[in-house]
Amino acid sequence: DVVMTQSPLSLPVTLGQPASISCRSSQSLVHSDGNTYLNWFQQRPGQSPRRLIYKVTNRDSGVPDRFSGSGSGTDFTLKISRVEAEDVGVYYCMQATHWPWTFGQGTKVEIK
Amino acid sequence: EVQPVESGENLVQPGGSLRLSCVASGFTFSNFWMGWIRQAPGKGLEWVASIKQDGSEKNYVDSVKGRFTISRDNAKNSLYLQMSSLRDEDTAVYYCARKRGETWGQGTLVTVSS
């Protein structure tokens, strides 16, 4: 199975400051169809996960533009340009290139 | 866009069986792969199973192979997860989701305990 490794696992941030989460996969996430199926999810306390980013860089509808995704191959990053109070929660990367689809351990974002 | 809605809370004994349901609305259910994902209490996410639009292709994570069966009824906009030989470690919130996680339901808690 593809192992997804996130860092850091805990991320205290100051409101208005940037934040960055790294996600590395144990093998390339480039699919045979040419796409890289790397998603980012946000899970706020007590809520279901919500997809923020798909195929590395594409923001889902309604996702604020302060969220951005980047990377390629095995190395990916989620950035929040200016953290707001509503961004508190756990963020997961997920690969959907190789079955079984697998998630990172999660990064807990909290306000300092 | 309305998300899938799973049914109820569920308590079952080890070795028992349970069927989860998810009814979708707000999109053309028959056009999409669907899947089940679970989250053990206080833990991360595990994608359990996926099923193709017409049900002709199904995938399972190793930990549930031979015990869980995913199915769908496109006429009823419904997704199912038949779970058998349940173990303590199957205790989790189970979510249904569209495609590769585009949208998720609100989750249903399954507790396996004697």
Side-chain angles (χ1 to χ4, degrees), chain A residues 1-10 21 23 25 29-31 33 35-63 69 76 78 89-109, chain B residues 1-7 9 20 22-24 26-27 32-52 56-68 70 79 81 92-110:
Chain A
D1 297 0
V2 177
V3 176
M4 305 296 288
T5 304
Q6 289 182 228
S7 64
L9 299 185
S10 178
I21 301 170
C23 175
S25 58
L29 299 185
V30 179
H31 194 276
D33 66 7
N35 290 307
T36 299
Y37 293 104
L38 186 285
N39 296 337
W40 288 97
F41 295 89
Q42 175 195 60
Q43 188 173 31
R44 290 172 171 152
Q47 295 187 12
S48 303
R50 165 201 181 196
R51 196 177 70 176
L52 300 176
I53 302 285
Y54 63 97
K55 289 193 284 187
V56 185
T57 62
N58 298 277
R59 251 190 324 273
D60 274 277
S61 176
V63 173
F76 305 93
L78 176 71
V90 181
Y91 291 77
Y92 297 92
C93 61
M94 172 206 150
Q95 67 84 18
T97 295
H98 306 284
W99 185 262
W101 299 341
T102 48
F103 294 87
Q105 318 96 299
T107 295
K108 187 173 184 178
V109 172
Chain B
E1 186 173 78
V2 179
Q3 298 172 358
V5 177
E6 299 96 339
S7 54
E9 285 195 17
L20 301 183
C22 168
V23 179
F27 62 93
F32 293 91
W33 277 78
M34 296 293 296
W36 290 96
I37 306 97
R38 67 184 179 183
Q39 185 171 34
K43 301 296 184 182
L45 299 163
E46 180 180 44
W47 200 291
V48 172
S50 282
I51 185 168
K52 196 174 180 178
S56 62
E57 191 173 334
K58 303 175 185 181
N59 296 311
Y60 300 93
V61 70
D62 281 352
S63 58
V64 307
K65 269 182 192 172
R67 301 189 299 122
F68 289 12
I70 188 171
L79 178 71
L81 187 67
V93 174
Y94 286 75
Y95 299 97
C96 67
R98 191 175 85 179
K99 211 172 173 183
R100 289 181 167 93
E102 290 176 345
T103 59
W104 297 55
Q106 86 279 8
T108 187
L109 175 63
V110 173

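Lettering of chains follows the sequences in order, A, B, ..., and the numbering in each one begins at 1.
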Could you please show the donor-acceptor pairs under 3.5 angstrom between chain B and chain A, with distances rounded to 0.1 Å?
{"residue": "B:Q39", "atom": "OE1", "partner": "A:Q43", "partner atom": "NE2", "Å": "2.9"}
{"residue": "B:Q39", "atom": "NE2", "partner": "A:Q43", "partner atom": "OE1", "Å": "2.9"}
{"residue": "B:Q39", "atom": "NE2", "partner": "A:Y92", "partner atom": "OH", "Å": "3.3"}
{"residue": "B:Y60", "atom": "O", "partner": "A:W99", "partner atom": "NE1", "Å": "3.0"}
{"residue": "B:Y95", "atom": "OH", "partner": "A:Q43", "partner atom": "NE2", "Å": "3.4"}
{"residue": "B:R100", "atom": "O", "partner": "A:N39", "partner atom": "ND2", "Å": "3.0"}
{"residue": "B:R100", "atom": "NE", "partner": "A:A96", "partner atom": "O", "Å": "3.2"}
{"residue": "B:G105", "atom": "O", "partner": "A:S48", "partner atom": "OG", "Å": "2.7"}
{"residue": "B:Q106", "atom": "O", "partner": "A:S48", "partner atom": "OG", "Å": "3.4"}

Reported CZ-to-CG distance for the pair A:F41 and B:L45, which is rounded to 0.5 angstrom: 8.0 Å
So what's closer than 4.5 Å to chain A heavy atoms on B:V48: side chain, backbone, both or neither? backbone
